[in-house]
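Labels below follow one simple rule: chain letters A, B, ... track the order of the sequence lines, proteins then strands, and each chain is numbered from 1.
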Number of protein chains: 2
Amino acid sequence: MGPELRQYENFLLSETGFGKSFHQGDSMSRRSVSLKVLAAHLNLAVGTVSRALNNYADISPATRARVRQAADELGYRPNQTARRLSMGTPETIGYIMPLHSASIAQPFIAQLLQGLGEALGKRQWDLLVAHAASPKDELAQIDKIVRSGRVGGLVISRPLKNDPRIRLMQDLKFPFVVHGRTASSDNYAWYDVDGEAAFVVAVDHLVSLGHSRIAFVGAPLQYQFAQDRLNGYRKAVATNGLTIDADLIQIAEFTDDGGEIATNILLDMAMPPTAIVCVSDTMAFGALAAIRAHGLTPGEDVSVIGYDGLKFGEHANPPLTTMAQPQAHAGRRLGDMLLAIIDGDDPSDHQELQRAHLLRRKTDGPLHLAKVQDDVSSREELQ
Amino acid sequence: MGPELRQYENFLLSETGFGKSFHQGDSMSRRSVSLKVLAAHLNLAVGTVSRALNNYADISPATRARVRQAADELGYRPNQTARRLSMGTPETIGYIMPLHSASIAQPFIAQLLQGLGEALGKRQWDLLVAHAASPKDELAQIDKIVRSGRVGGLVISRPLKNDPRIRLMQDLKFPFVVHGRTASSDNYAWYDVDGEAAFVVAVDHLVSLGHSRIAFVGAPLQYQFAQDRLNGYRKAVATNGLTIDADLIQIAEFTDDGGEIATNILLDMAMPPTAIVCVSDTMAFGALAAIRAHGLTPGEDVSVIGYDGLKFGEHANPPLTTMAQPQAHAGRRLGDMLLAIIDGDDPSDHQELQRAHLLRRKTDGPLHLAKVQDDVSSREELQ
DNA sequence: CTGAAAGCGCTTACAG
DNA sequence: CTGAAAGCGCTTACAG
């Protein structure tokens, strides 16, 4: 071990109170000393050492101190696998990565895992990350994870309207929490942002700017979040006394390209919308591209509001107005909930609905009909 | 269990060959049947059942078939914790999330985890994700994970020039792979993209467009990747016979804001650069903002090349030219390497250097001095 | 080919 | 206060 590393460690150790040399004398072997070795070293029974380390009240303070010190000196770390088998708890929770997460969920996965880790860290639990190759695979995956005893609870993201994963976990009576909700969300634990309310806010805002032809660019409705947001759009359109035009609702693939395609369709209509709300920032980026490609200016000729509040939206062209989610704490909250449920809490006592807020940047503006109409008439002239 | 779920499962089961009713008769209890129960059900010894399930050659085909079928019927899943304790292998690898990953590493974490999962999936290993609260915490975290026997190997990202985590794992003689490299990278396994070569390509490209005042916007040099990319810049500047101007090298925080601040400094110089290479796309987005704020047009007045190849760069203003990394397979490769090393391979036989390629979008263009000079003289007039 | 037993490294009643 | 023993649910030599 080089001097530099030792410095680092000493620094570290003095900060964490581990003692001065946690792996001195043993630094050549990766396997940590076992309880048996530690007990032999101390001339005590393994049970006694175990109880001392676990702060049992029936151990004399002197012994406890001796044991602690020897454990530090020898760098003893309990073997978690053995500990868990013995105690009958995996002390681990699992996160099932959403399918296609690389493209769909990228923006929030790192943050979610970090938050989950924080919640678990307080109790020294581990986080297992699993992913399925296909939807078919996913149920089998969950079944296996649950039954193999590797985790004490599961968290899943992006539920479908009627999600078989949720029903499977309910059937198995296995602790779980959901990042999002399904259509009937009464009897399990979830953390979600109110997408319906968010789209009411977005549409109301556009109406207040004078818009009345407002379109919705959405994702496949098998996802509950896509349905929620559409519901909010519909509700607000009705509330504001506008007529719902089915052509103004465009569902596409949940990507920037999907957003672009949907927006192209909208702009090529005889009566194009003057404002568009998009189910995600990513789709909104595609919408901006389509608008620019039509020679129109987002925020002037056509307003756009996204959903997510991605930091990156600041750099879009122009900077994207969006409904920002307070998702920094989602992972933390989900982790705390799951732990509480594993401890016996009633899942339905753990349901948390957050609100998104309007983050105005540069793509929302007052109604200007002229340019959009020009675009239509010039197309007509060409025909 | 509702009819809908049963349908899903039947579909699933027929596809995966599990048999028709893997948790029939047992769907009320979350704990799976144990070997003991299964053995009793079959009137066999547990050892026999275990060997049958694990395809030992000394089990009669008839018995094996009987055991298999009963296991399917009762929904038997071996308890992994027990299995691992018994076999002495955790069948799990760990990924240490980079510090501040929510801001820094977001773009690639989901993809990396997915790839890692794919590599592990072939052998039914698990993926444990750990994260540290602080750099001090990180070493303690690794030490604990290693010694607690929870994982058989570790992967870390974004190494520092002289990374104490790597030295700790080497001291412990513990299997690990690195996503990136350190200054001396001979004796361990890594997967990296050649940042030095990438910046040579980027600078050469700008020189070929006529630029000679080319600036570098970088990240703190304690990160090896930041140093590599700077080295490439320096090398190419020299190779092209340009003089290295220390003022043209700006190191800032590794965020979009950092990129913006660094670029503001560059553009406010008496002799501003006409082209900028940035250590990441994120910093480049900040550079574009600074350029636009100076009334200049990226790609015309000032060229910018980023690094990463983020999909989002398409939506920047204007779309960002970048050195794109082939990182789709990083996780997969890293996982395969680690497994091979755990199996006994020499780590130094597993070093893989990939190349980035120039992805031209709209921010690289031929030299136009006029506008940048105007900007400078108008500032001088004001003084 | 199958069974009985030991062992993986812990925890936790139960004695004393 | 400490020790000896049983047990968690598997795997794997070792007998027969």
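A straight line from CZ of Arg147(B) to P of dG9(C) spans 16 Å, rounded to a whole angstrom. Straight-line distance from the CD atom of Gln80(A) to the P atom of dC8(C): 19 Å, rounded to whole Å. Following rounding to the nearest Å, Asp58(B) (CG) and dC14(D) (P) show an atom-to-atom distance of 14 Å. The CG atom of Asn79(A) sits 6 Å away from the C1' atom of dG9(C) (whole-angstrom rounding). Distance, Asn43(B) CG to dT2(C) P: 13 Å, rounded to whole Å. One can place CE of Met87(B) at 8 Å from C1' of dT11(D), the figure rounded to the nearest angstrom. The NZ-C1' distance, from Lys36(A) to dA4(D), rounds to 14 Å in whole Å. When rounded to the nearest whole Å, the span between CG of Leu44(A) and C1' of dG3(D) equals 10 Å.
The residue Ser50(B) sits close to a base: some heavy atom pair falls under 4.0 Å. As judged by a 4.0 angstrom heavy-atom cut-off over every strand, Arg51(A) is placed among the base-contacting residues. Here Ser34(A) lies in heavy-atom contact (under 4.0 Å) with sugar-phosphate atoms only. At the heavy-atom level, Thr63(B) lies under 4.0 Å from the strands shown only through sugar-phosphate atoms.
Judged by distance alone with a 3.5 Å cut-off, no donor-acceptor contact links the side chain of Ser60(B) to the base of dC1(C). One donor-acceptor pair, N or O on each side, does fall under 3.5 Å between the base of dG7(D) and the side chain of Ser86(A).
Considering only residues two or more places apart in sequence or on other chains, Glu352(B) meets the side chain to side chain donor-acceptor pair (under 3.5 Å) condition with Arg333(B), Gln354(B).
Remark: DNA chain D takes part in the stems C:1-3 with D:14-16, C:5-12 with D:5-12, C:14-16 with D:1-3, each of 3 or more antiparallel Watson-Crick or G-U pairs, criterion distances under 3.5 Å.
Defined by atom type and a distance below 3.5 Å, a donor-acceptor pair is present between the side-chain atoms of Ser157(B) and Tyr95(B).
A sub-4.0 Å separation between OP1 or OP2 of dA13(D) and a side-chain N or O of Tyr56(B) is absent.
The 5' end of DNA chain D is approached more closely, in terms of each residue's nearest nucleotide, by Thr81(B) than by the other of Thr81(B) and Thr48(B).
At distances below 3.5 Å, at least one donor-acceptor pair connects side-chain atoms of Thr92(B) with backbone N or O atoms of Pro90(B). Arg77(B) places no side-chain N or O within 3.5 Å of a backbone atom of Lys144(A) that could act as its donor or acceptor partner.
For Tyr76(A), taking side-chain heavy atoms from C-beta onward, the closest of the listed nucleotides dC10(D), dG3(C), dC10(C) is dC10(C).
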